[in-house]
Number of protein chains: 2
Amino acid sequence: MKGIRRLAQELDISIGTVSRALNGRADVSPETRQRVLEAAAAMGYVPNQAGRSLRQGNTNAIGFMIELGADANGGNDNFFMGVFDGVQSVLARHHLDLVVLPCPTGEDPAVYLQRMMARRLVDGLIISATHRKDARIDMLTKMRIPFITLGRSNTPGDYPWIDLDFDGAARRAVDRLVSAGHSRIAIAVPSNDINLGFIFLDGYKAALARHGLAFDPALVVRVPSSELGGYQLGHELLAMKERPSAVILNYELLALGLYRQLGEAGLQAGRDLAVIGFRENPVSRYMSPRLTCFRLSLTGLGAAIGEALLATMPAYAEAYPLGRTQRIWPMELVPGESDGA
Amino acid sequence: MKGIRRLAQELDISIGTVSRALNGRADVSPETRQRVLEAAAAMGYVPNQAGRSLRQGNTNAIGFMIELGADANGGNDNFFMGVFDGVQSVLARHHLDLVVLPCPTGEDPAVYLQRMMARRLVDGLIISATHRKDARIDMLTKMRIPFITLGRSNTPGDYPWIDLDFDGAARRAVDRLVSAGHSRIAIAVPSNDINLGFIFLDGYKAALARHGLAFDPALVVRVPSSELGGYQLGHELLAMKERPSAVILNYELLALGLYRQLGEAGLQAGRDLAVIGFRENPVSRYMSPRLTCFRLSLTGLGAAIGEALLATMPAYAEAYPLGRTQRIWPMELVPGESDGA
DNA sequence: GACATTGCCGTAAACGTTTCTGGAAATTTC
DNA sequence: GAAATTTCCAGAAACGTTTACGGCAATGTC
């Protein structure tokens with residue numbers, strides 16, 4: 001005899017009562033509940049999740065899908081670790097657990113997602129590295145699985161999302177550079193179809209226009225989001241006929257390769273080329289010269305993701321007034337030495 | 001009507017036969033099997049994992065527990081992403097899925113593990129960031145859950161583990177520095193009780209002894225495994241009465257902070273202080289000067305972990321001759337410019 | 001042609017929960 | 001003190017699978 005049945009036998013009561021006592025239902029006397037809880041603790045009883053899932057049709061777990069391919073989310077640094085912490089802080093309030101689902105490099109994210117959802121492993125899902133046209137969004141809406149995307153997409157629909165303030169970052173970077181006297185400002189965007197690149201570029205264009213500067217397509221450099229990409233970026237910048245005096249990066253670690261390329265040419269960021277990076281992280285803080293970039297609260301972002309997701313799940317929604325489930329997460333500019341200010 | 005029952009009704013055969021057909025059992029006629037498979041595909045049927053788990057008592061998933069606390073595994077860079085890929089390449093052969101379990105910062109890893117295992121979410125487990133005395137090991141052996149640790153521990157027992165070649169790296173770093181003429185060689189080790197620090201230090205000591213050099217405890221600097229730790233390390237090195245001419249790092253990103261500290265004192269790695277880092281990664285490759293460090297195959301490591309774990313699980317063991325489930329993963333020195341050679 | 005074997009399939013039990021239903025006992029109500 | 005209500009619990013069904021068992025027909029064996 002195992003599980004709840006054994007517990008019931010031990011206490012000489014029915015398994016139904018044991019279950020109700022453990023789950024805090026009303027119709028069980030205080031003393032019986034007490035006995036059950038004590039016996040459960042003593043015997044180290046924990047309910048079998050498979051049985052519970054089968055019966056109630058849920059799993060009490062939330063999934064977070066990430067893509068392992070380095071290019072897809074820019075080298076996978078400590079970004080997600082902070083976000084996971086934030087998400088869990090919210091889920092813990094409801095006894096929900098977080099499981100991370102890593103899509104292998106080279107596997108189609110949509111196919112992977114299909115496989116994982118078929119397992120019915122989670123009740124809700126967070127997906128990241130949103131592509132411009134993302135098949136996963138249609139799939140999840142069709143499957144009626146609650147989800148939220150970290151990153152906007154162009155896929156139409158009324159699904160919830162949260163995204164970093166790419167437009168704002170691009171705009172403020174341009175503003176800062178223009179007021180420092182720069183007029184020829186290059187921009188680096190990812191070479192794949194991840195959506196953030198398009199938004200970043202749009203923000204850049206809009207900011208230029210507001211300053212009355214013409215948009216020059218030659219100043220848009222598409223490179224993979226990696227240190228090597230930064231090195232290539234440097235090469236392209238130096239090879240330009242009319243060399244720009246500043247560059248804005250969509251990904252902070254591009255600066256490493258860029259710095260190296262500049263160094264090999266006897267040049268230095270901040271002095272010979274103004275550089276504004278993207279997200280502040282431990283590496284950008286210790287590069288020389290220190291990178292001017294944008295700070296955000298990773299755990300705060302994670303918590304916002306968790307709350308927005310729960311707001312769309314009927315079982316938890318009452319605690320989270322639906323409100324805005326589509327929002328832009330703010331970033332704050334932290335000046336470094338790389339923009340020559 | 002849902003699930004297998006609906007499928008059976010549609011085909012007008014029993015659910016037992018459907019199940020056997022889908023699971024490739026022998027006693028079902030070829031044409032029936034064909035019909036079932038086609039109907040399942042047409043209706044988009046996928047077996048309910050909860051029902052299956054409940055019946056067969058397993059989950060067809062393997063867990064990989066990581067710790068989010070930045071200090072615990074050295075800043076969480078792309079290390080794990082590569083390993084996940086390798087693990088999945090092996091698991092896929094057996095239709096096993098990988099789920100990553102991120103232990104929140106600040107939560108006791110053993111408590112977290114207990115919670116997750118109670119959910120019976122996975123059939124086997126990989127744990128990382130092994131501590132010198134690791135409560136999780138006793139817990140898992142007691143629970144009879146197949147597991148493997150990424151990182152040795154001092155906890156006694158015959159459990160499987162894989163570890164990076166910390167001793168070899170320390171030894172070869174010392175060898176290289178000594179033959180370049182250095183005799184006062186400092187070493188950085190983590191300030192917490194993560195086990196790799198002790199092994200790294202032991203390798204260092206042994207190598208010194210082999211060269212007839214005395215071990216000087218003053219040359220052992222304990223700092224957190226982060227860029228800031230590297231900065232502190234630089235401070236301590238520069239403040240030493242008898243300043244060392246070389247330093248060996250247990251974690252490559254320490255070099256970033258160290259470089260900065262040196263730069264602020266007008267010094268440079270390679271020229272004024274020989275530096276040998278630990279693991280090669282994209283960042284270390286683009287630091288200036290490029291860090292001398294050790295290369296390893298992350299996906300290879302992941303695959304080895306997966307195979308060693310499966311070798312201990314009865315259901316899969318036959319494919320993996322038990323052999324050595326305790327092994328050291330090799331690393332290859334890649335010369336940079338930071339050691340002045 | 002009687003018998004044993006084989007191939008295929010239906011039936012039903014089991015996995016560990018939760019929850020619906022009913023009902024006995026205790027309490028309250030007039 | 002009978003009726004109505006409440007409190008608490010037992011019993012059983014249900015969730016979706018897998019699999020042990022048995023049986024019927026078809027095939028093989030002498």
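So you know, we letter chains A, B, ... as the sequences are listed, proteins then strands, and number each from 1. Small disclaimer: the values here were computed from a predicted structure and weren't measured.
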Taking atom P of D:dT18 as reference, at what distance in whole Å does atom CG of B:Asn60 sit? 10 Å
Under 3.5 Å, is there a donor on one side chain and an acceptor on the other for B:Ser153 and B:Asp134? no
Test item: B:Gln34 and B:Glu38 side chains (from C-beta on) under 4.5 Å apart, heavy atoms: yes
I'd like to know if A:Arg52 reaches the base of C:dT17 with its side chain such that a donor and an acceptor end up less than 3.5 angstrom apart. no
Please state how far atom CZ in A:Arg35 lies from atom C1' in D:dC8, giving the value in whole angstrom units. 13 Å
Take A:Arg5 and A:Asp12, find for each the nucleotide of DNA chain D with the closest heavy atom, and name the residue whose nucleotide sits nearer the 5' end. A:Asp12
Would you classify A:Val18 as touching base, sugar-phosphate or nothing, given that sugar-phosphate means primed atoms plus P, OP1 and OP2, and contacts are heavy atoms under 4.0 Å? nothing
Is the backbone N or O of A:Thr59 less than 3.5 Å from a side-chain atom of A:Asp123, with the two atoms forming a donor-acceptor pair by type? yes
The nucleotide from C:dT18, D:dT19, C:dT17 with an atom nearest the side chain of A:Asn48 is C:dT17
Identify which nucleotide among C:dT17, D:dG16, C:dC9 has an atom closest to any side-chain atom of B:Thr32, counting heavy atoms from C-beta outward. C:dC9
With the side chain counted from C-beta on, respond yes when A:Ile62 and A:Ile126 share a heavy-atom pair under 4.5 Å apart, and no when they do not. yes
A:Asp163: which of A:Gln326, A:Arg327, A:Arg152 passes side chain to side chain donor-acceptor pair (under 3.5 Å): A:Arg152
Are B:Ser29 and C:dG7 close enough that a side-chain N or O sits under 4.0 Å from OP1 or OP2? no
B:Ile15 CD1 to C:dG10 C1', in whole Å, measures 10 Å
Answer with yes or no whether B:Arg20 presents, from its side chain, a donor or acceptor under 3.5 Å of a partner atom in the base of C:dG10. yes
Taking only N and O in the side chain of A:Lys2, is any of them less than 4.0 Å away from OP1 or OP2 of C:dG16? yes
Separation of atom CZ in A:Arg25 from atom P in D:dT7, rounded to whole Å: 16 Å
Side chain of B:Gln56 only, please: which of D:dT19, D:dC9, D:dT17 is the nearest? D:dT19
What is the distance, rounded to the nearest whole Å, between atom CG of B:Asn58 and atom P of C:dG16? 13 Å
Separation of C:dG10 C1' from B:Gln9 CD (nearest whole Å): 16 Å
Write down the distance between CD1 (B:Ile4) and P (C:dG10), rounded to a whole number of angstrom. 12 Å
Could you tell me how far apart A:Leu54 (CG) and D:dC15 (P) are, to the nearest whole angstrom? 9 Å
pair B:Phe79-B:Ile66: side-chain heavy atoms closer than 4.5 Å: no
Report yes if a side-chain nitrogen or oxygen of A:Asn23 is closer than 4.0 Å to either non-bridging phosphate oxygen (OP1 or OP2) of C:dT18; otherwise report no. yes
Any donor-acceptor N/O pair, A:Ser89 side chain to A:Gly86 backbone, under 3.5 Å: yes
Pick base, sugar-phosphate or nothing for B:Gly3, based on heavy-atom distances below 4.0 Å to the nucleic acid. sugar-phosphate
Under 4.0 Å between a side-chain N/O of A:Arg55 and OP1 or OP2 of C:dG16, yes or no? no
Identify the pairs formed between an N or O of the protein and an N or O of nucleotides 22-27 of chain C at a distance under 3.5 Å, and give each distance.
none

For A:Ser29, side chain to side chain contact (heavy atoms under 4.5 Å, CB included) partners two or more places apart: A:Glu31, A:Thr32
Return no unless some side-chain N or O of A:Thr17 is found under 4.0 Å from OP1 or OP2 of D:dC8. no
